[in-house]
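Presented below is the structure to which this report refers.
This structure is a prediction, so every number in the text was calculated from the model and none was measured. Letters A, B, ... mirror the listed sequences (proteins, then strands); counts begin at 1.
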Number of protein chains: 2
Amino acid sequence: MNIGNAAEKASLPAKTIRYYEEIGLITPGRAENGYRDYSDNDVHRLRFLQRSRSLGFTIDECRLLLSLYDDKQRASADVKAMALEKVAEIERKIADLQSLRDTLSTLARHCHGDGRPDCPIIDDLAGEGVSA
Amino acid sequence: MNIGNAAEKASLPAKTIRYYEEIGLITPGRAENGYRDYSDNDVHRLRFLQRSRSLGFTIDECRLLLSLYDDKQRASADVKAMALEKVAEIERKIADLQSLRDTLSTLARHCHGDGRPDCPIIDDLAGEGVSA
DNA sequence: GATAGGGCTTCCAGTAACTGGAAGGTCAAG
DNA sequence: CTTGACCTTCCAGTTACTGGAAGCCCTATC
């Protein structure tokens, strides 16, 4: 099947699929007219990629995941370890964002937000305002 | 003062400071030997940049914030609106990450994580596993 | 048979915000 | 006078695409 079709089935832009090919994540066949030709298995891989990317795995992690997917002998422990490490990473990011949000809301709460030039947010950024 | 000194005072790498100059966020003077020469006010701006970047504002937002900082007549409402929009954006990101984390932990919980090749995480990525 | 359109191809460039490294000038200490 | 730290510029690389140009392929319609 052509790239447009595969793109639709995998919920990925065609551009992205070509990019994945460029970096060696997938190698579809070619039709006689030079068009890429995707098998059902190719589409399967693309979906795998789409899903793992949307779960926050980097491209390199997806590469590893795909090789585990291809390896019928892989240990589930390897995959579980990656997933758990990813969970921890996501939780660190969440904590960072929460503290960011708290700081910013505190700042905003202290700002009267009218037409006057006086602004505690700017003052804080300038290093002389409320401590969040 | 030299860039190394300014970098230390602003808690920013010298490389980053040069980059900020390149994109027009700051324009220090030059000493006779060609070295950049930072005034106290320059350091102030750098700190402002450091803090607003660390609060999650993009460079373009920092540019705007700096212009509000420079503008003694600006309305605090403008700044407050930016801060609140940023808070909303951060909260969206947090929610996304939380759902990501939940999906991944569910997956990991269903994985026995031993030496056997059978792995629900891979199965899910392949589109045939547990629904998280 | 000409043409219009949509899809496909390749290649080049740009994004955000730096970061690393090479080649070389400047300065203070020993 | 040399060593080492610090400074300069410029170029390249990072992540994961995305946009666009130039041009081929295929089908349908007039």
Legend entry - Contact list for DNA chain D against residues 22-37 of chain A - heavy-atom distance below 4.0 Å: A/N33, A/Y35

Inset, instruction - For DNA chain D, find the residues of residues 7-16 of chain A with a heavy-atom distance under 4.0 Å and give them by number; none if there aren't any. - result: A/P13, A/K15, A/T16

Inset, instruction - Pick base, sugar-phosphate or nothing for A/R53, based on heavy-atom distances below 4.0 Å to the nucleic acid. - result: sugar-phosphate

Legend entry - Atom pair distance, as rounded to whole Å: OH in B/Y20 and P in C/dA17: 9 Å

Inset, instruction - Answer yes or no: is there an ion pair linking B/E85 with B/R92, defined by an N-O contact shorter than 4.0 Å? - result: yes

Legend entry - Interatomic distance where CG belongs to B/N2 and C1' belongs to C/dC27 [whole Å]: 10 Å

Legend entry - Atom-to-atom span, CE of A/M1 to P of C/dC8 - whole angstrom: 12 Å

Inset, instruction - For A/T58 and for B/I3, locate the closest nucleotide of DNA chain D by heavy-atom distance; then report the residue assigned to the nucleotide nearer the 5' terminus. - result: B/I3

Inset, instruction - Without swapping roles, check the side chain of B/K86 against the backbone of B/F57 for a donor-acceptor pair under 3.5 Å. - result: no

Inset, instruction - Check the surroundings of atom CG in A/D70: do more than 12 heavy atoms from other residues, nucleotides or ligands lie under 6.0 Å from it? - result: yes

Inset, instruction - Return yes when atom CD of B/Q98 has more than 12 non-hydrogen atoms of other residues, nucleotides or ligands closer than 6.0 Å, and no otherwise. - result: yes

Legend entry - NZ/NE/NH1/NH2 to OD/OE distance under 4.0 Å, B/D60 and B/R63: yes

Legend entry - Salt-bridge present (B/K93, A/D96; N to O < 4.0 Å): no

Legend entry - Sidechain N-carboxylate O distance under 4.0 Å for B/D42, B/K9: no

Legend entry - Inter-residue atom distance B/R45.CZ - B/L25.CG, 0.5 Å rounding: 8.0 Å

Legend entry - Closest-nucleotide ordering on DNA chain C, the 5'-leading residue of A/G4 and B/Y19: A/G4

Legend entry - Distance, rounded to the nearest Å, where B/I59 contributes CD1 and C/dG14 contributes P: 19 Å

Legend entry - A/Y20 and A/T16: CA distance, side-chain angles, deciding distance, side-chain contact (heavy atoms from CB on, under 4.5 Å) verdict: CA-CA 6 Å; A/Y20 286 170; A/T16 301; 3.5 Å; yes

Legend entry - Rounded distance (nearest 0.5 Å) linking atom CD of A/E89 with atom CG of A/L84: 12.5 Å

Inset, instruction - Carefully, step by step, assess A/E21 and A/R30 under the rule salt bridge (charged side-chain N to carboxylate O under 4.0 Å, His left out). - result: CA-CA 12 Å; A/E21 180 177 347; A/R30 291 283 174 148; 3.5 Å; yes

Legend entry - Outermost DNA chain D nucleotides near chain B [under 4.0 Å, heavy atoms]: D/dC6 to D/dC10

